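All residue numbers refer to positions in the sequence shown, counting from 1. Quick caveat: nothing in here was measured; it's all calculated off a predicted structure.
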Amino acid sequence: MRHPLLAFLLTPMAAPETPRLKRLRWTWAFLCASLALAVTLNQASVGLFGPLGALPALLLALATPVMGIVYFRAKARADAAHDRGAEA
């Protein structure tokens, strides 16, 4: 017989990552990295292209949190479904 704490520690706490969740996670991470790069290069971009040079950073600043919300909601749903399946 296993100690309950040991059984708890050996139990997976998150749902296995589906291909869709993996795509969402990678997309969100790519957007985060792209936003960091766009913000870093923003001054040079604006200097080169004028006010439109700030457009990539603006679009990424809008898309990144939206994609984060989509990913984290999908992840929470998958974890909740996994928890319900583990209890049954």
Side-chain angles (χ1 to χ4, degrees):
M1 184 168 154
R2 283 192 181 154
H3 189 274
L5 183 57
L6 182 59
F8 175 76
L9 290 174
L10 294 174
T11 303
M13 300 306 294
E17 189 173 52
T18 63
R20 178 179 180 267
L21 280 176
K22 186 175 184 177
R23 257 191 326 273
L24 287 173
R25 180 174 52 87
W26 276 98
T27 302
W28 181 66
F30 175 75
L31 285 172
C32 289
S34 298
L35 178 59
L37 184 64
V39 167
T40 303
L41 298 174
N42 192 45
Q43 188 174 5
S45 178
V46 169
L48 189 60
F49 300 111
L52 286 178
L55 193 58
L58 174 66
L59 294 175
L60 287 166
L62 296 173
T64 302
V66 169
M67 190 66 207
I69 290 169
V70 169
Y71 168 68
F72 285 112
R73 288 187 69 191
K75 177 72 172 141
R77 281 193 308 271
D79 287 344
H82 180 70
D83 289 343
R84 282 192 304 272
E87 290 173 2

Exercise for the section: Look at atom CD of Gln43 and say whether more than 12 heavy atoms of other residues, nucleotides or ligands are closer to it than 6.0 Å. Expected result: no

List, one per line, each side-chain donor-acceptor pair under 3.5 Å for residues 50-73, sequence neighbours excluded.
{"residue": "Thr64", "atom": "OG1", "partner": "Leu60", "partner atom": "O", "Å": "2.7"}

Practice task
Side-chain contact test, heavy atoms from C-beta onward, threshold under 4.5 Å: evaluate it for Lys75 versus Asp79 and give yes or no.
Solution key: yes

Exercise for the section: Determine whether Val46 and Leu35 fall in the same hydrophobic cluster, where Ile, Leu, Val, Met, Phe, Trp and Tyr are linked whenever their side-chain heavy atoms lie under 4.5 Å apart. Expected result: no

Problem - Donor-acceptor under 3.5 Å (Ser45 side chain, Leu41 main chain) - result: no

